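Every value quoted in this text rests on a predicted model; they were computed, and no experiment measured them.
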Amino acid sequence: MRGPVLDHAKRLEDEGQRILKLNIGNPAPFGFEAPEEILQDVMRNLPTAQGYCDSKGLYSARKAIMQECQRKEIPGVGIEDIYIGNGVSELIVMCMQALLNDGDEVLIPAPDYPLWTAAANLSGGHGVHYRCDEQADWTPDIADIRAKITSRTRAIVLINPNNPTGAVYPPAVVRDVLAVAKEHNLVVFSDEIYDKILYDGVEHTATGALADDDQLVITMNGLSKSYRCAGFRSGWMTISGTIAKQRAKDFIQGLTMLASMRLCANVPAQHAIQTALGGYQSINDLILPGGRLLAQRDITVEKLNAIPGVSCVTPKGALYAFPRLDPKVFNIQDDQKLVLDLLLQEKILLVQGTAFNWPEPDHVRIVTLPWADQLGDALDRFGNFLSRYRQ
């Protein structure tokens with residue numbers, strides 16, 4: 001997502017050209033601003049936010065997260081089971097460092113949010129990708145998960161709602177994954193950062209709410225998306241599974257050590273958490289009929305499916321679409337070259353599907369954050385580009 005194609009985009013911008021960036025889920029540049037109530041709370045608490053706090057985070061913020069877990073029916077999460085980080089990204093890296101020895105394996109979805117794979121690999125482990133089934137609304141392929149488990153497998157990652165596909169997994173699917181994890185004594189990491197960005201009346205069920213008490217579930221969430229506070233870098237993780245926590249004392253001790261090594265997370269931004277979780281949920285104004293995010297999702301799917309040779313499973317959540325470019329029509333051999341050529345010719349920046357560890361060069365990810373008319377125009381241009389493009 002931040003690679004050679006983005007470098008070309010920066011060069012074009014330096015030359016004075018305007019680039020439509022559909023590559024990163026960053027709400028603020030597209031007019032999605034944080035609620036005023038959150039900003040006011042952060043500003044009012046600045047005088048008392050100048051020093052370090054507890055390495056796990058402010059008590060008031062962790063208390064609000066604990067109450068959110070109660071609302072989501074994730075049992076057994078106490079104050080000390082909550083760690084606040086500089087975004088979920090930092091916490092993912094911490095988890096991989098605490099868990100993995102050299103050569104250990106983590107099952108990660110394909111397509112994935114690539115930080116999970118990078119963090120596993122950089123921690124001495126190895127990301128092994130299980131396939132999500134496009135024909136089944138991008139839900140995990142349970143048979144493929146089973147086939148990928150070895151004696152070195154230590155954990156499985158769920159991204160639900162999913163980035164990049166926008167899939168929201170039904171409870172039955174999550175239970176199937178949990179059953180496999182329990183059978184093989186795997187830690188379950190559940191990335192739920194988009195759990196409030198849902199469309200068409202779809203409901204999200206937290207993985208921790210479906211797990212047995214002897215299963216260790218690490219749930220990730222934060223302010224970046226639902227509360228449009230991406231720049232605050234304020235995320236958190238919770239540890240659930242009362243019996244499992246007793247068996248995982250070494251791992252949890254490692255997490256606590258790593259949290260202490262970075263002293264603490266950004267203190268001013270932590271003052272946003274209590275207000276965000278306990279206040280008016282303005283995200284609902286954006287995802288329900290008449291809301292911007294829903295309208296933008298709809299125009300994206302409509303325009304993509306109108307392009308000959310392109311098909312897109314309708315996202316049920318998150319801020320992305322992951323359309324397929326029929327290989328029989330386009331014969332794309334190098335999807336990074338495809339997005340680079342699109343950038344150079346149309347000044348539109350996308351991300352190639354292989355950047356999300358999808359094995360074939362036949363998908364791209366599109367961010368659905370611009371206004372609907374802007375998206376419609378961009379996707380019309382994308383369709384015209386594809387009509388004449390061959391490799």
Sort out for me which residue in N384, I348, I366 forms a side-chain contact (heavy atoms from CB on, under 4.5 Å) with L379.
I366

Can a donor-acceptor pair be found between the side chains of Q270 and Y59 at a distance below 3.5 Å?
no

The test is salt bridge (charged side-chain N to carboxylate O under 4.0 Å, His left out); show your working for E90 and R262 and say whether it passes.
CA-CA 10 Å; E90 179 186 51; R262 45 111 221 219; 2.9 Å; yes

Is a side-chain N or O of T48 found less than 3.5 angstrom from the main chain of N45, in a donor-acceptor match?
yes

Aromatic ring centroids of F189 and W116 under 6.0 Å?
yes

So with a 6.0 Å cut-off around CD of E203, is the heavy-atom count from everything else above 12?
no

Please determine, by modelled atom types, if Y389 and D341 share a side-chain donor-acceptor pair under 3.5 angstrom.
yes

How about H129 and T117: does a side-chain donor come under 3.5 Å of a side-chain acceptor?
yes

So, Q296 side chain and T368 main chain: donor-acceptor pair closer than 3.5 Å or not?
yes

Test item: V367 and R365 side chains (from C-beta on) under 4.5 Å apart, heavy atoms:
yes

Who pairs with P170 by side-chain contact (heavy atoms from CB on, under 4.5 Å), at least two apart in sequence or on another chain?
T139, V173

Does CE in M43 sit with more than 12 non-hydrogen atoms of other residues, nucleotides or ligands closer than 6.0 Å?
yes

Can you find a pair of side-chain heavy atoms, one from L293 and one from L319, that are under 4.5 Å apart?
yes

Qualifying residue, where the test is side-chain contact (heavy atoms from CB on, under 4.5 Å) with L350 and the options are N23, L22, L338, L343:
L22

When you check the side-chain N and O atoms of T354 and D335, is any donor under 3.5 Å from an acceptor?
yes

For W236 and Y83, what are the C-alpha separation, side-chain angles and deciding distance, and is it a ring-ring contact (aromatic ring centres under 6.0 Å, His included)?
CA-CA 6 Å; W236 56 85; Y83 296 73; over 10 Å; no

With a 4.5 Å cut-off on side-chain heavy atoms, are R233 and S89 touching?
yes

Heavy-atom side-chain contact between V128 and V106 under 4.5 Å:
no

Can you establish whether the number of heavy atoms outside R390 located under 6.0 Å from its atom CZ is more than 12?
yes

Pair D213-Q215, side-chain donor/acceptor within less than 3.5 Å
no

Less than 4.0 Å between a side-chain N and a carboxylate O, is that true for R146 and E183?
yes

Just checking, is any N or O donor in the side chain of D285 or S282 under 3.5 Å from an acceptor N or O on the other one?
no

Take atom NZ in K56; do more than 12 heavy atoms of anything else shown fall under 6.0 Å from it?
yes

Looking at V5, L340, L20, which one forms a side-chain contact (heavy atoms from CB on, under 4.5 Å) with L349?
V5

So that I can tick it off, tell me whether D137 and K316 are bridged by a salt bridge, with the cut-off set at under 4.0 angstrom between side-chain N and carboxylate O.
no

Going by distance alone, is a donor N or O of one side chain under 3.5 Å from an acceptor N or O of the other, for N86 and N266?
no

Strictly distance-based, threshold 3.5 Å: is any side-chain N or O of T153 a donor or acceptor partner for the main-chain N or O of T150?
yes

Assert yes or no for the condition that the ring centre distance of Y320 to Y194 is strictly below 6.0 Å.
yes

Can you tell whether the side chains of R71 and E68 come within less than 4.0 Å, N to carboxylate O?
yes

Would the distance check show the side chain of D144 and the main-chain N or O of Y130 forming a donor-acceptor pair, the cut-off being under 3.5 Å?
no

Ignoring hydrogens and angles, tell me if any N or O in the side chain of Q345 forms a donor-acceptor pair with the backbone of F385 under 3.5 Å.
no

Classify the side-chain pair N221/D195 by whether it contains a donor and acceptor separated by less than 3.5 Å.
yes

Please check if atom NZ in K63 has more than 12 non-hydrogen atoms from other residues, nucleotides or ligands closer than 6.0 Å.
no

Is it true that R18 and E13 have a side-chain N and a carboxylate O under 4.0 angstrom from each other?
no

Pi-cation contact, W358 with R131 (under 6.0 Å, within 45°)
yes

Quick one: is the NZ or CZ of R297 closer than 6.0 Å to the six-membered ring centre of Y199, and within 45° of its axis?
yes

Flag yes if more than 12 heavy atoms outside E360 fall under 6.0 Å of its CD atom; otherwise flag no.
yes

Looking just at side-chain N and O atoms, do R154 and N101 make a donor-acceptor pair shorter than 3.5 Å?
no

Thinking salt bridges, do R11 and D7 make one under a 4.0 Å N-O criterion?
no

Apply the test side-chain contact (heavy atoms from CB on, under 4.5 Å) to residues L58 and H271: give CA-CA distance (whole Å), side-chain angles for both, the deciding distance (0.1 Å), then the verdict.
CA-CA 8 Å; L58 289 175; H271 285 288; 3.7 Å; yes

Ion pair E346/R388, N-O distance below 4.0 Å
yes

Tell me which one of D373, D377, D380 satisfies salt bridge (charged side-chain N to carboxylate O under 4.0 Å, His left out) with K303.
D380

Just checking Q40: does its CD atom have more than 12 heavy atoms from other residues, nucleotides or ligands closer to it than 6.0 angstrom?
yes

Using modelled atom types and a 3.5 Å cut-off, is there a donor and acceptor pairing between side-chain atoms of R247 and backbone atoms of D214?
yes

Can you see whether H363 engages Q352 through a side-chain donor-acceptor pair at a distance of less than 3.5 angstrom?
no

